[in-house]
Student: 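Before I ask anything, here is the structure I am working with.
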Amino acid sequence: MEYFTVCCQRRGSVSVDGIYQGENKDGETPRVFRCCAGLHDISLQCRVGQACKEMTQRVTICGTNAIVPLVVRFFCDLHE
């Protein structure tokens, strides 16, 4: 198993290869997700104003563990 977090200043819904995994944060703490090793499409969908915005990154996840997960960063414009 491999491990990753999705970091963003906003709270949002995380999907891996199109499958919903949950919210990116537990309170203010980034949530750690698990997946198999390899190339994955990681998506974050968050509310920006009245609309939902979805962002996706293709990343290779390997060589991680639960203590040192891969950090996948998304940047939202907080003024929208």
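What you see is a predicted model; the values in this text were computed from it and never measured. Keep in mind that the numbers below use all heavy atoms, side chains included, and drop hydrogens, waters and symmetry copies.
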Student: Rounded to the nearest 0.5 Å, what separation is found between the CZ atom of Phe33 and the CG atom of Leu70?
Tutor: 12.5 Å

Student: Below 4.5 Å, heavy atoms only, C-beta onward: do Asn24 and Cys7 meet side chain to side chain?
Tutor: no

Student: May I ask you to check whether over 12 heavy atoms, not counting those of Arg34, lie within 6.0 Å of atom CZ?
Tutor: no

Student: For residues Asp26 and Arg31, determine if any side-chain heavy atom of one lies less than 4.5 Å from a side-chain heavy atom of the other.
Tutor: yes

Student: Going by side-chain heavy atoms closer than 4.5 Å, which hydrophobic residues are tied to Met1, directly or by a chain of links?
Tutor: Tyr3, Val32

Student: Do the non-hydrogen side-chain atoms of Val6 and Ile42 ever get within less than 4.5 Å of each other?
Tutor: yes

Student: Indicate yes or no for a side-chain donor-acceptor contact from Glu2 to the backbone of Thr60 under 3.5 Å, with no hydrogens or angles considered.
Tutor: no

Student: When rounded to the nearest 0.5 angstrom, what is the spacing between CZ in Phe75 and CG in Leu44?
Tutor: 12.0 Å

Student: Among Met55, Glu54, Arg11, Gln9, which residue meets the side chain to side chain contact (heavy atoms under 4.5 Å, CB included) test with Cys46?
Tutor: Met55

Student: Would you mind listing the cluster partners of Ile67? Hydrophobic ones only (ILVMFWY), side-chain contacts under 4.5 Å, chaining allowed.
Tutor: Val68

Student: Can you list, pair by pair, the side-chain donor-acceptor contacts under 3.5 Å of residues 12-21, counting residues two or more places apart and other chains?
Tutor:
residue	atom	partner	partner atom	Å
Ser13	OG	Glu23	OE2	3.3
Asp17	OD1	Asp41	N	2.8
Asp17	OD2	His40	ND1	2.7
Gln21	NE2	Ile19	O	3.0

Student: Phe4, Val59: one ILVMFWY side-chain cluster at the under-4.5 Å cut-off?
Tutor: yes

